[in-house]
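Worth knowing before you read on, the calculation uses all heavy atoms, side chains too, and leaves out hydrogens, waters and symmetry mates. Just so we're on the same page: letters track the sequence lines, and every chain starts at 1.
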2 protein chains.
Amino acid sequence: MDLAVALERIKQAILKREVIVIVGLCEVFYEGRASSILGPGERIAIIKSDYSVLIHRPSGYEPSNWQPPDSKIDLKIKDNTLVLEARRVNPSEILTVIFHEVYQILSWKLLDEADFSMYATEEDMKKAILFNPSIIEEGFQPFEQERKLKPSGFVDILGVDSSGRLTVVEIKRRKATVEDINQLVQYANSVEREFGVRPRAIIVAPGVQRSAVRAMHINSIEFRCLTPKKSAEILRKKAGLDRYAGLE
Amino acid sequence: MDLAVALERIKQAILKREVIVIVGLCEVFYEGRASSILGPGERIAIIKSDYSVLIHRPSGYEPSNWQPPDSKIDLKIKDNTLVLEARRVNPSEILTVIFHEVYQILSWKLLDEADFSMYATEEDMKKAILFNPSIIEEGFQPFEQERKLKPSGFVDILGVDSSGRLTVVEIKRRKATVEDINQLVQYANSVEREFGVRPRAIIVAPGVQRSAVRAMHINSIEFRCLTPKKSAEILRKKAGLDRYAGLE
DNA sequence: CCGTAAATTTCGCCA
DNA sequence: TGGCGAAGTTTACGG
């Protein structure tokens, strides 16, 4: 495909706020927070309506190179190549794609206003515990969420157990790591400094990594098993009850 | 575009190990480690040669949904829609894309064997320090890298200073956070338990977040400023010297 | 704009 | 295969 024609085609599509797919033989250079060089190869470049740029190789989930939304896009012909530059400031970064050949250019005005809903997140686990605190243990009463701690950090849930003892709850949607345990210990320390009493500290997660079990026991951290999926089920049941209540 | 034709076109392209781009109006469902629902909208689906699948909305750097390489891809016509399923085991996950309309299907056999080279990584920072330890301080002598610690974690560089004192070095390519400081404190504790002496602990990074400065001073962590870019320059100079030595 | 933490994080290394 | 940590992580949510 003639590069001058390609350039004009891309410029028009950008003006029309279309999503553009460019297929061709290119080299890619990136300079910014890091630097990278990718030698010649056949790839797909995507310029989205929000001026984000993606370079995808024929394999792999991740783009080899990219520029996030609102990058400044420049196009030019140089030395019989089509040069695509996408710049960003703060951090100052530049992505340069040099097309030696362009096989095809496609563009579409795409309309996509749909909501994206995600379930079984850590947030859902927290909601499930707040809806049914006995997941932690019988008599547990949450009284605060996302409490900011003195030096830094946030407690997921702060509450009291059936005997009135202050309890710190940390939630993870994946197996708890030694880092997670250390973090919870820090949080418990902060809470102790602030409240003047040593709180119970409970990690809620689908499991605990083997290497974290030691740290858990040493620091008297307790564990409750809860998966994101189970939490989502609890919330679905709650939603059903709410709807039923609404129909009465 | 006729959906039966679209289906046949995609199947053929998969057999030929081509990279496929499908543009159309679709809904997307994901069920696995989490769940998500994305209502109808116009998007680009990409099936790569390695059987990874990406769903890209008209904006944003990240795909709204995806399946990593080696997913099992199934296609069928159902209720006047084209259904694309990409399954994965371990973790068990399924991505379902329901196309109500397919505007265009494109596919190419792409050849891309080029090496991807990244510079100014944390690894480069470590190499720069090992090449020129005076970056840490005059007389610093590294004697081990990536030393495994007892409960968990790795020390980037272990060495001795000019007075022979054991020194732990942690490297970060970005401003050090309070989490990074805590991690280094844990590492220093581990090293102290193992060697029986309290080591110096130095964080090497382009800077320290304001909130982390307190934690740094409290824990007697020292700071040396080094950027990934500066490290890459040092390594380039070294490469130049090596080449020069080779020519002599 | 900084700080903090989640993410279907992915990816690569190494035991 | 699982653990471990980096990443140009990105993104979202506060203050």
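Put simply, the side chain of B:D50 gets close to the backbone of B:S52: a donor and an acceptor are under 3.5 Å apart. Side-chain N or O atoms of B:E42 include one that pairs as donor or acceptor with a backbone N or O of A:L111 at under 3.5 Å.
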**Report entry** Audit row: A:K148, A:E146, salt bridge (charged side-chain N to carboxylate O under 4.0 Å, His left out) steps and yes/no
**Finding:** CA-CA 6 Å; A:K148 179 104 181 63; A:E146 301 294 322; over 6 Å; no
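In this structure, the CG atom of A:N182 is 14 Å from the C1' atom of D:dC4, given to the nearest Å. As rounded to whole Å, 12 Å separates atom P of D:dA6 from atom CG of B:L184. Note: CG (A:L54) to P (D:dT10) measures 12 Å, nearest angstrom. In this structure, B:Q186 places its CD atom 16 Å from C1' of D:dC4, rounding to the nearest Å. Between the CG atom of A:L149 and the P atom of D:dG14 there is a distance of 17 Å, given to the nearest Å. In this structure, B:N90 places its CG atom 11 Å from P of D:dG3, rounding to the nearest Å. Summarising the geometry, the separation between CD on B:Q145 and P on D:dG5 is reported as 17 Å, rounded to the nearest angstrom. Spacing between atom CZ of B:R57 and atom C1' of D:dT11 amounts to 14 Å, rounded to whole angstrom units.
Using atom C1' as the reference point in both C:dA7 and D:dA7, the two lie 13 Å apart (nearest Å). Atom P of D:dG8 sits at a distance of 23 Å from the matching atom of D:dC4, rounded to the whole Å. Straight-line distance between the P atoms of C:dT4 and C:dT8: roughly 23 Å, to the nearest whole Å. When the C1' atom is used for both D:dT9 and D:dG5, the distance is 13 Å, rounded to whole Å.
With B:D180 as the fixed residue, the salt bridge (charged side-chain N to carboxylate O under 4.0 Å, His left out) test singles out one of B:R174, B:K175, B:R173: B:R174.
Annotation: B:E113, atom CD; neighbour count of heavy atoms from other residues, nucleotides and ligands within 6.0 Å does not exceed 12.
Contacts of B:K148 with the nucleic acid, taken as non-hydrogen atoms under 4.0 Å apart, are absent.
Of the side-chain N and O atoms in A:Q209, one or more sit less than 4.0 angstrom from OP1 or OP2 of D:dC4. For the OP1/OP2 pair of D:dG2 and a distance below 4.0 Å, the side-chain nitrogens and oxygens of A:K175 include no atom meeting the criterion.
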Query raised in the report: How would nucleotides 5-15 of chain C be written as a contact map, 5' to 3', with B for base contact, S for sugar-phosphate-only contact and - for no contact, using protein heavy atoms under 4.0 Å?
Result: SSSBSSS----
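Shortest non-hydrogen contact noted between A:V83 and A:K78 is CG2-CB, 4.1 Å.
Residues A:E93 and A:Y30 have side chains that bring a donor and an acceptor to within less than 3.5 angstrom of each other.
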